[in-house]
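Excluded from the calculations below are hydrogen atoms, water molecules and symmetry mates; all remaining heavy atoms, backbone and side chain alike, are included. Both counts, for ligands and for their atoms, begin at 1 and track the order of listing.
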Amino acid sequence: MKDRNRSRSRTPKVYPRITHPLVRDTKNGELRRATWDEALDRAAGGFARTTGAHGPDAFGMFSCARSTNEMNYVAQKFTRVVIGTNNVDSCNRTCHAPSVAGLSAAFGSGGGTSSYQEVEDTDLIVMWGSNARFAHPIFFQHVLKGIHNGARMYAIDPRRTSTAEWADRWLGLNVGTDIPLAHAVAREIIHAGLANTAFIERATSGYEEYAAEVEPWTLTVAEQVTGVPADAIRELAHAYATAERAQLCWTLGITEHHNATDNVRALINLSLLTGHVGRHGSGLQPLRGQNNVQGGGDMGAIPNRLPGFQDILEPATRAKFEASWNTVIQPRYGLNLTEMLDAIEQGRLKAVYCIGENPAQSEADCEHTIQRLKMLDHLVVQDIFLTKTAELADVVLPASASWCESDGTATNSERRVQRVRKAVSPPGEARDDIAIICDLAARLGHNWKYADSEEVWNELRAVSPDHYGMTYARLEEHQGIQWPCPSEDRLEPTYLHARLWEKDPAKRGMPAPFGPVKHSPPVDLLDEQYPIRLTTGRRLDSYNTGVQSSGFASPLRRGENIELSPEDAAAYGIAQGEEVRIASRRGEVTAPAWIDPGLRPGLAFMTMHFPDEVDTNQLTIEATCPIAGTAEYKATAVRVEKLAVASWT
Ligand SMILES: Nc1nc2c(c(=O)[nH]1)N[C@H]1C(S)=C(S)[C@@H](COP(=O)(O)OP(=O)(O)OC[C@H]3O[C@@H](n4cnc5c(=O)[nH]c(N)nc54)[C@H](O)[C@@H]3O)O[C@H]1N2
Ligand SMILES: Nc1nc2c(c(=O)[nH]1)N[C@H]1C(S)=C(S)[C@@H](COP(=O)(O)OP(=O)(O)OC[C@H]3O[C@@H](n4cnc5c(=O)[nH]c(N)nc54)[C@H](O)[C@@H]3O)O[C@H]1N2
Ligand SMILES: [Mo]
């Protein structure tokens, strides 16, 4: 293993903090320093010009899932009131939009149903397509406590991950075969007589159609398709159905697929079949990605919901917001992030205000995204670092960082709203995200006066019943409160959908429908030219496109590698640390090899953490889920070849 260190490849690029505004010089076309006045005039003028010429729907807002709730509230209000469109979205599109869509379809609410405490108070934890040990380490502490308290754990992941190391059993399935696996689990539960028939009858609908859909998925057929041994599938089915309490947790292994919402429905079905939802210790946890991606959506920074997750198509809801904001809201859904990128190419979307997103490096098939961003008439980027996206902008506005330079609140995966406090001042001329948006609004004729973030929050509380009871004082007192919190006098249960267990049909409300979904294999097919399945994801030591994690060196950080199974490495004659060319149908990159015994033959793994050195998203495919718009980052067909010269020579 002494060669391992040698595969620590190229030193990652370090991003400079942006400390003053930049504008693109009209003469030489380069970004140059500008005063705030000049930059804001240019930014606002460009928005006025493009929407004046092409209408409000020529504008798109990419809002920041790292920034506060208050900032996301103001960003979506800017989009809807100042510009007059619903084209607002965030990186929720690239990760958990399918979870929100699937949960909403089943339960009428897109939030995870349980609280973190409940993985400590449960008997079975299923980690499905989630590497929480690396990606959700705080949540994983609760998982470890649950295990300590006696819970069993199953990990369902093509790779034997760090999370899987803690599991009682690892089910190493083929990429993109989660529906066959879930259906086989369901069929086994039904045939073994372990379905919770009382719950199904009382609280669900569509069972017959669902049972017919899963019927062909015998353990034998599922073993052939998923690669998981039949006995392991049977064991999981019996463990889940007979557990007194069970937590089903999932993340991107489920949602970054072309059929992601169907995948989510397949998992929700299992909870409906067994009654593992709506009780303390039994529920569904899609662990969200960014620190405030849950809050961004809750605040209405999505194209189909107003703040408080209220549907834009509801006339009474629109009327409430129209009165509060003194405006007219378009009675239709806006474009999501994926659709906005398509609309740029189609010439329908001309101006983008991108706050704290780096699509030039995070989108699948990112070369295509860069070409699209270059087609815009006007791109304004508001960020804390000079990203690759910012380099394409007409105006760059330096913001304060949400987690230590701004005041407000953020909402985590268990729907808990917590205070965020300003501890230090932003560097140079950088300013608070909300103040910048308000200055742009003022230049476009809307004088919003917010003394502080609490005033924004109170405006939101007045229009969002789920947040009404959460004053800043109460958030402080309780160290965060979960939504829904409709009253200032009490706290609600920490889990959702207890109503499904009510005996009284009136209190029980709408039954939760099963989703009879079908298997659909990955779009990027394996063949002789592209025989290796590349899946992409995260490591503990780095964050997303690397902008925020590039600035530190650590002996643990090894830069980008292509992780290969020992069998494939041997077959291709590739040794640890040797430079490898990785080609897909869209592009190619080179990276040093890292041999990982946790990978099965035919499977490779890369991250998207070092795109300046190894641009993984040159390889990935833009195939997206038609319901949620999320790309199939988890399934790319590639070819790997050893390069003649090793990386360290
Ligand atoms: N350290 C660190 N933590 C992070 C981040 C980070 O960049 N670094 N990013 C944050 C963000 S934005 C997000 S969204 C979360 C994501 O958190 P996770 O979703 O846990 O992270 P990933 O590594 O992308 O993917 C999870 C697992 O899906 C598996 N997988 C791939 N294909 C399939 C499949 O077809 N089926 C199944 N069942 N599994 C599959 C992969 O092998 C991988 O182990 O992490 C957040 N936390
Ligand atoms: N191949 C591959 N690609 C992927 C994924 C994958 O699994 N595989 N996962 C996808 C997922 S889940 C996600 S969420 C996306 C992430 O995609 P992006 O959100 O585009 O990428 P990040 O690197 O998280 O970019 C965050 C940006 O926000 C800025 N920022 C941070 N805090 C603040 C703040 O307070 N204010 C402002 N104004 N800016 C701030 C940072 O400087 C940075 O530029 O990547 C997606 N891309
Ligand atoms: Mo994410």
Side-chain angles (χ1 to χ4, degrees), residues 15 17-18 62-68 71 90-96 127-137 155-164 171 173-178 181 226 249-257 263 286-293 354-364 366 381-390 397-406 430 432-433 436 522 533-549 598-599 603 605-609 611 616-617 619-620 630-636:
Y15 281 85
R17 209 39 214 269
I18 321 173
F62 301 176
S63 189
C64 183
R66 285 143 289 267
S67 197
T68 60
M71 176 268 156
S90 80
C91 65
N92 75 83
R93 201 57 47 197
T94 57
C95 39
H96 272 293
M127 301 298 299
W128 201 314
S130 161
N131 189 8
R133 168 75 185 83
F134 275 16
H136 298 92
I156 303 167
D157 196 303
R159 304 183 302 137
R160 191 180 186 108
T161 59
S162 209
T163 302
L171 277 64
L173 82 174
N174 297 326
V175 170
T177 62
D178 296 275
L181 182 63
T226 65
C249 311
W250 72 82
T251 53
L252 304 187
I254 285 297
T255 60
E256 284 184 340
H257 288 282
N263 277 348
L287 306 167
R288 304 297 301 258
Q290 315 277 351
N291 50 320
N292 197 30
V293 66
C354 175
I355 308 179
E357 288 271 309
N358 188 17
Q361 295 185 314
S362 59
E363 287 292 317
C366 60
V381 171
Q382 181 168 315
D383 206 296
I384 56 179
F385 292 109
L386 194 63
T387 61
K388 194 156 180 181
T389 308
L397 304 172
S400 57
S402 62
W403 51 277
C404 60
E405 298 164 1
S406 315
D432 188 79
D433 274 312
I436 302 172
R533 179 58 77 204
L534 172 73
T535 194
T536 63
R538 287 153 177 82
R539 292 203 205 110
L540 179 64
D541 56 35
S542 305
Y543 184 68
N544 287 359
T545 63
V547 179
Q548 289 172 266
S549 55
L599 289 173
L603 183 65
F605 179 77
M606 292 174 75
T607 77
M608 79 299 198
H609 297 318
T616 305
N617 278 328
L619 305 171
T620 48
T630 304
E632 193 151 62
Y633 292 106
K634 291 291 182 260
T636 306

| Where the side chain of H609 meets the backbone of T545, is there a donor-acceptor pair that is under 3.5 Å apart? |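 Checking the backbone N and O of T545 against the side chain of H609, no donor-acceptor pair under 3.5 Å is found.
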With a cut-off of 4.0 Å, which atoms of ligand 1 are near a heavy atom of [X]?
X    : value
W128 : 38 (N)
S130 : 20 (O)
L540 : 1 (N)
V175 : 35 (O)
G129 : 26 (C), 27 (C), 28 (O), 37 (C), 38 (N), 39 (N)
R159 : 41 (C), 42 (O), 43 (C), 44 (O)
G176 : 34 (C), 35 (O)

Report the residues that fulfil side-chain contact (heavy atoms from CB on, under 4.5 Å) with [X], sequence neighbours left out, ordered by chain and then residue number.
X    : result
S406 : S400, D432
A631 : A364, T624, Y633
S162 : N131, R133, F134

| Can you list, by chain and residue number, every protein residue with a non-hydrogen atom closer than 4.0 Å to ligand 2? |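 If the criterion is a heavy atom under 4.0 Å, then ligand 2 touches C64, R66, C91, T94, C95, L252, E256, Q290, I355, G356, E357, N358, P359, S362, Q382, D383, I384, F385, T387, A399, S400, A401, S402, D433, T536, R538, Y543, N544, T545, V547, Q548, M608, N617, T620, Y633, K634.
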| said: To the closest 0.5 Å, what do you measure between CD (E357) and OG1 (T389)? | reply: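 Between E357 CD and T389 OG1, I get 8.5 Å after rounding to 0.5 Å.
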| query | Measuring from T535:OG1 to E256:CD, what's the distance to the nearest 0.5 Å? | reply |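 Taking OG1 in T535 and CD in E256, the distance rounds to 8.5 Å.
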Close N or O approach ([X], ligand 1; < 3.5 Å):
X    : result
T161 : no
H257 : yes
I156 : yes
D541 : no
R539 : yes

| Going through the checks in order, is the side chain to side chain contact (heavy atoms under 4.5 Å, CB included) test met by M608 and T620? | CA-CA 10 Å; M608 79 299 198; T620 48; over 6 Å; no
| task | Check each heavy atom of F134 against ligand 1 and say whether those closer than 4.0 Å belong to the side chain, the backbone, both or neither. | result | backbone
Looking only at non-hydrogen atoms, find the nearest pair between [X] and [Y] and report the distance.
X    : Y    : result
Q361 : N617 : O-ND2, 3.0 Å
I436 : P398 : CD1-O, 3.6 Å
K388 : N358 : N-OD1, 4.0 Å
D433 : M71  : CB-CG, 3.5 Å

| said: A side-chain contact here means heavy atoms from C-beta on lying under 4.5 Å apart; do L181 and W128 qualify? | reply: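 Yes, side chains in contact.
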